[in-house]
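So the structure is just underneath, and the comments pick up after that.
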Protein chains: 2
Amino acid sequence: MTKASDRAYEAIRGMILSGELSSGDPLREEALAERCGVSRTPIREALRQLEADLMVRRTESQRSYVSDWSLDDVADAFELRAMLEGYAARRAAERITDDIVDQLKSCNKAIYSAVSRVKPDVTTFLDRNREFHALVLETAGSRRLTNLLTALIEQPVVWRTAQHYDPEAFERSHGEHADLLAAFERRDGAWAQSIMESHIRRALHAYSDAHKGLGKLEKGAA
Amino acid sequence: MTKASDRAYEAIRGMILSGELSSGDPLREEALAERCGVSRTPIREALRQLEADLMVRRTESQRSYVSDWSLDDVADAFELRAMLEGYAARRAAERITDDIVDQLKSCNKAIYSAVSRVKPDVTTFLDRNREFHALVLETAGSRRLTNLLTALIEQPVVWRTAQHYDPEAFERSHGEHADLLAAFERRDGAWAQSIMESHIRRALHAYSDAHKGLGKLEKGAA
DNA sequence: CTTTTATCAATTGTATACAATAAAGCTCAC
DNA sequence: GTGAGCTTTATTGTATACAATTGATAAAAG
């Protein structure tokens, strides 16, 4: 049996990601407890975690709300992510083994077969993409970096971004991963860093193109 | 009256910083509760925060221990800090107002008077240095960046580093702040970034010089 | 003597009751 | 009418009891 606080975390996170809870909505502990079928104690724990993830903000009077993300906030998150994942890629290139390269290759192959069809399988793409980046991060071998980056990656906007990709964008993403692998095989940290930064920045612009003119992120952003 | 969980956080943090609790020591909720004079509930909250700060680690079986920092870990933290604070300085230079520049100047003046004496006032130096960096970070105007950096800055090693400074190192630190102010006055983001990165990296090497040969950080590291 | 397994102790997880605090509404003076 | 101050209500904070899980110990089988 999984812990109640973990279930509560996933449940609330899911409500935010799905749009069931919108930006600015108040999060009252008792209401969430009832909704999740647990007591307030694990809810409080979950809210603290979500707050660390920046998906929830607390006012000075300790009340919790779903975070609202302006376009600037999103750009900011991507910029930080580009910097940190670029650094992760550099470190990974300096530490990678042939074994890990093989794992990354098969992972990217799975991405390719998910997106190189008339109707791309977005869910598989997201899962495998996540796996790819997680493996790079792990190879970078910095607990602190991992800690910082997960907070950035677990953001709603990051996950919703891919919903706006056109088929070409999916293929490009796969191609950039392939470039990254070339850099890894040559153990070229600087190259890996550049590619990764470009990769993330491209994702930012894909997002901002899709949301041009919007000041705030709306509920059913898809 | 301040919240019990906040008091507990400060108390435990203090125990770690002072060396009353050493690296690897187990943190049992009940024992801490008794020691802090509160119940387990606020202790749990404090531990979660300290875990987010990376001052406490939890095993897979949910037991908490004081984090141990190898020299590599420290180097890692400083490297990340250099990158992120460099970015913060760049953003700050692009957004700074004359008013903030004045505040930073008076802050650095206070640093100067604290360290330009036969026996430098380390506590004042630390407080003002913290204030200086906090103000730069605030000026950078990125909630996410602030969030990430505070986790890195609130580390024991960062605070203990200055204990090893010689008088010359204190003066150099003041001088680098002055350089940074020059970059701010000219609104030169790239320059500000370079200076800040050097500033942090110098601090790293001051630290590693003082700890040469040590594999782990010891309790009474001073 | 080693390994396995069963039991027990120690520790964390959860629910609930109550206390403290902040928001909302209401009264009353002006 | 409007705003200050009180009262009420809603919400979060804390303590405590108990449940669940983990780690340690010891007994038994190989």
Side-chain angles (χ1 to χ4, degrees), chain A residues 1-16 20-68 143 147 150-151 154, chain B residues 1-16 20-68 143 147 150-151 154:
Chain A
M1 185 58 164
T2 128
K3 284 196 302 179
S5 53
D6 291 345
R7 275 180 292 140
Y9 172 81
E10 291 297 338
I12 300 171
R13 186 170 175 277
M15 291 182 213
I16 296 174
E20 194 175 340
L21 290 169
S22 325
S23 296
D25 281 1
L27 297 169
R28 295 195 323 290
E29 295 175 357
E30 203 159 6
L32 289 171
E34 206 169 327
R35 208 155 161 186
C36 299
V38 297
S39 87
R40 273 179 56 211
T41 312
I43 293 289
R44 288 173 66 82
E45 202 128 318
L47 285 178
R48 288 314 171 10
Q49 189 57 50
L50 289 161
E51 190 194 354
D53 294 347
L54 293 177
M55 291 180 71
V56 165
R57 70 166 217 278
R58 275 165 94 195
T59 67
E60 64 293 338
S61 66
Q62 319 301 332
R63 280 169 165 72
S64 303
Y65 300 86
V66 178
S67 293
D68 45 349
R143 246 176 48 225
N147 206 56
T150 38
E154 297 292 313
Chain B
M1 187 59 166
T2 126
K3 284 195 303 180
S5 53
D6 291 345
R7 275 180 292 140
Y9 173 82
E10 291 297 339
I12 300 170
R13 186 170 176 277
M15 291 183 213
I16 296 174
E20 196 175 339
L21 291 170
S22 328
S23 295
D25 280 2
L27 297 169
R28 296 196 323 291
E29 296 174 357
E30 203 159 6
L32 290 171
E34 206 169 328
R35 208 156 160 185
C36 299
V38 298
S39 88
R40 272 178 57 212
T41 311
I43 293 289
R44 288 172 67 82
E45 201 127 319
L47 285 178
R48 289 312 177 344
Q49 189 57 50
L50 289 161
E51 192 193 352
D53 293 348
L54 292 178
M55 290 180 71
V56 165
R57 71 166 217 278
R58 273 165 95 195
T59 66
E60 64 293 339
S61 64
Q62 318 301 333
R63 281 171 163 71
S64 302
Y65 299 87
V66 178
S67 292
D68 46 349
R143 246 176 50 224
N147 206 54
T150 37
E154 297 292 313

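Below, read A as the first sequence line, B as the second, and so on, with proteins coming before strands; counting in each chain starts at 1. Because only heavy atoms are used, hydrogens play no part in the values below, and waters and symmetry mates are left out as well, while side chains stay in.
Atom CD of A:Glu10 is surrounded by more than 12 heavy atoms from other residues, nucleotides or ligands within 6.0 Å. Within 6.0 Å of atom CD in A:Glu34, 12 or fewer heavy atoms from other residues, nucleotides or ligands are found, so the atom counts as exposed in its surroundings.
Contact detail for B:Ser5 and B:Ala46: the closest heavy-atom pair is O-CB, 3.9 Å. The heavy-atom pair separating A:Ala52 from B:Asn147 by the smallest distance is O-ND2, 3.7 Å.
Proximity note for A:Arg44 (side chain, C-beta onward) versus D:dT14, C:dT14, C:dG13: the nearest is D:dT14. Considering only side-chain atoms of A:Arg28, the nucleotide from D:dG13, C:dT12, D:dT11 that sits closest is D:dT11. When distances run from any side-chain atom of B:Ser61 to the nucleotides D:dG23, D:dT12, D:dT14, the shortest one goes to D:dG23. Which of C:dT14, D:dA15, C:dA23 sits closest to the side chain of A:Ser5 comes down to C:dT14.
With respect to the salt-bridge test (charged N to carboxylate O, under 4.0 angstrom), the residues A:Glu51 and B:Arg48 do not qualify.
One can place CD of B:Glu34 at 19 Å from P of D:dT14, the figure rounded to the nearest angstrom. Taking atom CZ on B:Arg63 and atom C1' on C:dA10, their separation rounds to 7 Å, with Å as the unit. Note: OH (B:Tyr65) to P (D:dT22) measures 13 Å, nearest angstrom. Across the protein-nucleic acid pair, B:Ile43 atom CD1 and D:dT16 atom P stand 13 Å apart, rounded to whole Å. In this structure, B:Tyr9 atom OH and D:dT14 atom P are separated by 16 Å, rounded to whole Å. Here the C1' atom of nucleotide C:dA22 and the CD atom of A:Glu30 are 16 Å apart, to the nearest Å. Atom NZ of B:Lys3 is separated from atom P of D:dT11 by 17 Å (rounded to the nearest Å). Atom-to-atom, CG of A:Asp6 to P of C:dT12 comes out at 16 Å; the value is rounded to the nearest Å.
As judged by a 4.0 angstrom heavy-atom cut-off over every strand, A:Thr41 is placed among the base-contacting residues. Contacts of A:Leu27 with the nucleic acid, taken as non-hydrogen atoms under 4.0 Å apart, involve only primed sugar atoms and P, OP1 or OP2.
The residue among B:Glu29 and A:Val38 whose nearest nucleotide of DNA chain C is located toward the 5' end is B:Glu29. Remark on DNA chain C: of its neighbouring residues B:Arg58 and A:Glu60, the 5'-side contact belongs to B:Arg58, judged by nearest-heavy-atom nucleotide. Positionally, the nearest nucleotide of DNA chain D for B:Glu45 lies more toward the 5' end than for the other of B:Arg40 and B:Glu45.
Between A:Gln62 and C:dA22 there is no side-chain N or O to OP1 or OP2 distance below 4.0 Å.
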